[in-house]
Amino acid sequence: MTALSSHVLDEIKELPAKFPQPRSAVMPALDLAQEELGYLTPEAMTEVAAALELDPGYVEGVATFYSLFHLTPVGKHRFYVCTNLSCMLRGANEIVDHVKKAIGTGTPEEVSADGLFSYEEVECLGACEYAPMMRLDQRYQYDLTAEKIDALITERKEGKVLPRDGEVAAHRPEAAPVQAKKPRAPRKKKPDA
Amino acid sequence: MPELRGSYGDQAQHLLTRWFGTPDLHTIDVYESKGGYKALGKALFDMQPADITGEVKTSGLRGRGGAGFATGTKWGFINRDAPGPKYVVVNADESEPGTAKDRYILENSPHMVVEGILIAAYAVGANQAWVYIRGEYDGPHRMLIEAIEEARAKGYIGPRPMGKEFPLDIRLYRGHGAYICGEETALLESLEGKRAQPRSRPPFPAVKGAWGRPTLLNNIETLATVPWIINNGGAAYAKLGTAKNPGTRLLTVSGNVRKPGVYEVAIGATFRHIIIDVAGGPPEGRKVKVFWPGGSSAPVLPESMLDTPSDAESLAAAKSMGGSGGVIVMDDSHCVVEAAHRLLQFYAKESCGKCTPCRVGQDWAVRTYERILANEGSHVELDILQRVSDGLQNGRCLCGLGDSGGWVIDSTLRHFRSEYEDHTLRHECNVGTVKVSA
Ligand SMILES: Cc1cc2nc3c(=O)[nH]c(=O)nc-3n(C[C@H](O)[C@H](O)[C@H](O)COP(=O)(O)O)c2cc1C
Ligand code: SF4
Ligand code: FES
């Protein structure tokens with residue numbers, strides 16, 4: 001049994017040809033692996049390395065450098081709460097406290113008992129005019145309050161929002177109706193336009 | 001779309017944001033109906049590449065990514081006739097704390113960015129552009145993909161754009177969460193599939209950039225300005241702003257103001273105008289205490305310097321800089337030492353670790369702030385902060401991230417010495433009653 005399914009490995013093997021030099025494929029490849037497994041296990045990184053004909057140590061060196069790659073399990077829905085200055089000045093630390101209490105975890109490494117939630121404090125997400133804000137399920141959430149957090153959690157507990165909804169939504173993810181979608185078939189993901 | 005917070009509509013200083021807020025401006029039909037892609041046609045058919053670069057030089061446009069380098073001069077560094085591939089790499093990594101303007105542009109008018117990229121690529125003789133966009137920008141990423149597809153379908157992108165024998169293509173590459181990727185050579189490393197650690201220069205990207213090839217690197221806002229300049233002429237652009245720092249900028253005003261937003265202003269407007277008149281000033285009953293005029297990396301200025309004009313020269317005279325255009329405002333209910341601590345945590349976390357003064361120095365600073373805020377400080381801690389700050393600045397580090405941490409310490413100490421002394425010597429926080437040394 002491999003960690004990654006064969007169609008994902010096939011997709012990964014097609015990536016290097018899309019760049020002027022094959023090494024550029026390493027991050028798009030890790031994206032595909034993380035999309036399938038939720039986080040990057042040593043086995044998955046080894047398989048990515050083999051598929052790209054790279055040294056596994058090199059692949060792990062890249063994976064550990066970038067904060068959007070996870071090396072430990074994460075919740076199905078992860079709260080990336082911005083606590084940099086502009087958000088901090090508008091109450092971001094209180095928002096983090098509320099999130100932790102509401103999902104019942106104390107550190108970014110923990111996952112809620114039902115497997116649904118985890119959180120992380122992140123640096124400026126480039127939407128400071130809507131502070132305090134966060135990223136959740138490929139979508140930005142603005143002007144956060146404790147009530148808003150509770151509503152977002154309830155929606156997800158009731159299964160009304162799937163983790164990749166924001167990405168599927170059309171032009172303006174914020175305007176897309178929040179509703180349940182069928183899980184998607186394995187997607188032909190291109191690393192580029 | 002949430003409520004638009006920032007500039008839109010027909011005002012004299014709205015060169016980029018004039019059509020923002022128009023329904024469906026992000027679609028190619030609406031963009032064309034506002035005159036979109038006329039500049040590309042003009043550049044491809046009525047101008048020589050050297051004239052395009054010349055027009056940008058005349059405009060006096062300076063890079064909006066942070067360093068403020070003259071854009072036309074940078075374009076001129078690329079040898080258009082050198083054989084082999086050349087690239088335009090677009091910096092959409094926007095992660096300087098307090099900065100949201102590239103996102104604002106991409107969400108409102110992705111075609112303006114696409115058009116600017118195509119003109120730049122033609123001017124420097126590059127057939128291929130890559131946009132490096134931060135991984136968290138899911139919405140802007142999707143909108144750019146769709147804009148590029150629309151432009152391809154309409155024949156603006158492709159083997160013969162608008163019929164011109166000069167292939168043009170744009171592809172996207174997503175970042176994965178690392179502030180340092182905004183630094184141009186770290187960005188190139190990342191694009192090549194490596195850990196994002198800055199390169200030493202020379203060679204400069206214009207000679208040896210992406211995949212070892214000559215590369216033009218520009219910020220999203222810089223390139224979004226290009227269609228206006230081509231349509232209206234560099235001289236018209238230079239009429240706005242100041243003589244040495246012409247044009248308009250999109251300033252992100254955030255923090256303790258009543259109307260945070262991304263505002264397009266003529267460069268040179270004072271921060272009093274920007275913070276008080278445009279962004280509504282601090283909340284009821286509060287006073288501005290301090291502001292960062294150009295992102296968290298720009299040295300702070302106290303309230304007494306609100307009348308500083310926003311052009312590069314005036315800011316340099318005030319010992320700060322225009323940086324990324326992120327104006328972070330803090331009112332008198334917040335503590336400067338705590339704010340500085342938070343920013344040093346940021347620089348320590350984001351240091352790529354390549355050079356020792358930055359890797360070690362930022363951590364030293366964080367630990368020193370922790371002791372101070374735990375009321376364990378003394379004059380020793382004040383000394384340490386000053387010395388760590390000196391060790392981070394003035395070319396001791398390979399890239400600007402090192403200096404940035406140093407500037408936060410240095411500028412907050414310079415203007416708010418008494419607040420630091422309250423914390424370190426007297427173990428008290430006197431927020432609200434703190435005296436400011438100009
Ligand atoms: C630590 C650091 C972070 C940076 N982050 C960004 C960024 O997020 N976006 C950006 O456009 N430029 C950033 N820059 C500036 C770039 O290195 C580069 O100067 C700029 O992208 C060039 O484009 P321009 O001439 O159009 O401004 C950063 C620089 C440093 C030192
Ligand atoms: S100054 Fe810091 S971020 Fe920049 S290269 Fe050196 S260690 Fe890396
Ligand atoms: S500081 Fe939170 S989005 Fe910029």
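Below, chains carry the letters A, B, ... as their sequence lines are ordered, and counting in each starts from 1.
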Validation row: A:L85, B:W292 side chains within 4.5 angstrom (heavy atoms) = yes

Whether A:F69 and B:H176 hold their rings parallel, tilted or perpendicular, with breakpoints at 30° and 60°: parallel

Assert top hit (heavy-atom pairs under 4.5 Å, partner chain A, pool B:K194, B:Q128, B:E94) equals B:K194

Under 4.5 Å to a heavy atom of chain B? For A:A127 that would be both

Return yes if some donor-acceptor pair links the side-chain N/O of A:R23 with the main-chain N/O of B:E192 below 3.5 Å, else return no.
no

Item to check | A:Y66 and B:S190 side chains, donor-acceptor separation under 3.5 Å | outcome: yes

Closest non-hydrogen atoms of B:A100 and A:E129, given as atom of the first, atom of the second and distance, are CB-OE1, 3.5 Å

In terms of heavy-atom pairs under 4.5 Å with chain A, the winner among B:G193, B:P97, B:G98 is B:G193

Bottom line for B:L343: the part with an atom under 4.5 Å from chain A's heavy atoms is side chain

Spell out, as yes or no, whether a donor-acceptor pair under 3.5 Å connects the side chain of A:R90 to the backbone of B:S254.
no

Cut-off 4.5 Å, heavy atoms of chain A, and the answer for B:K101 is neither

Pair B:D138, A:R135 - check salt bridge (Lys or Arg N to Asp or Glu O under 4.0 Å), show working.
CA-CA 10 Å; B:D138 309 285; A:R135 177 177 185 243; 2.8 Å; yes

Checked A:A25, A:C87, A:C128, A:A63 vs chain B; the most non-hydrogen pairs under 4.5 Å come from A:C128

The reported gap from CZ in A:F19 to CH2 in B:W130 (rounded to nearest 0.5 angstrom) is 5.0 Å

Worksheet entry | Neighbour count above 12 (heavy atom, 6.0 Å) for B:E189 CD | yes

What one should report as the nearest heavy-atom pair of A:Y130 and B:E3 is OH-O, 2.9 Å

*asked:* For the backbone of B:F346 and the side chain of A:N84, can you confirm whether one donor and one acceptor N or O come within less than 3.5 Å of each other?
replied: no

When the 4.5 angstrom heavy-atom criterion is applied to B:Y87 and chain A, the contacting part is side chain

* CZ (B:R195) with more than 12 external heavy atoms under 6.0 Å -> no

Counting heavy-atom pairs under 4.5 angstrom with chain A, the leader among B:C352, B:G177, B:C181, B:G6 is B:G177

Any donor-acceptor pair under 3.5 Å from A:S86 side chain to B:G255 backbone: no

Between A:F65 and B:A178, the two heavy atoms sitting closest are CE2-CB, 4.1 Å

query: Does some side-chain heavy atom of A:L89 sit less than 4.5 Å from a side-chain heavy atom of B:D331?
result: no

Looking only at A:T64, A:L68, A:V26, A:L30, the option with the highest number of non-hydrogen pairs under 4.5 Å against chain B is A:L68

Under 4.5 Å to a heavy atom of chain A? For B:V131 that would be neither

When the 4.5 angstrom heavy-atom criterion is applied to B:T99 and chain A, the contacting part is backbone

Between B:S95 and A:C124, the two heavy atoms sitting closest are O-CB, 4.5 Å

So, the part of B:A210 with a heavy atom under 4.5 Å from chain A: the answer is neither

So, the part of A:Q34 with a heavy atom under 4.5 Å from chain B: the answer is neither

Mind running side-chain hydrogen bond (donor to acceptor under 3.5 Å, both in side chains) on B:R342 and A:T83 for me, showing each step along the way?
CA-CA 9 Å; B:R342 178 64 186 90; A:T83 57; 3.0 Å; yes

When every non-hydrogen atom of B:E338 is compared with those of A:M88, the smallest separation belongs to O-CE, 4.3 Å

**Asked** Do B:R103 side-chain atoms and A:G126 backbone N/O form a donor-acceptor pair below 3.5 Å?
**Response** yes

Under 4.5 Å to a heavy atom of chain A? For B:R134 that would be side chain

When the 4.5 angstrom heavy-atom criterion is applied to B:E350 and chain A, the contacting part is side chain

Chain B shares the most heavy-atom pairs under 4.5 Å, among A:P20, A:C82, A:P22, with A:P20

| message | Looking at A:K157, I want to see if its NZ is surrounded by more than 12 non-hydrogen atoms of other residues, nucleotides or ligands under 6.0 Å. | response | no

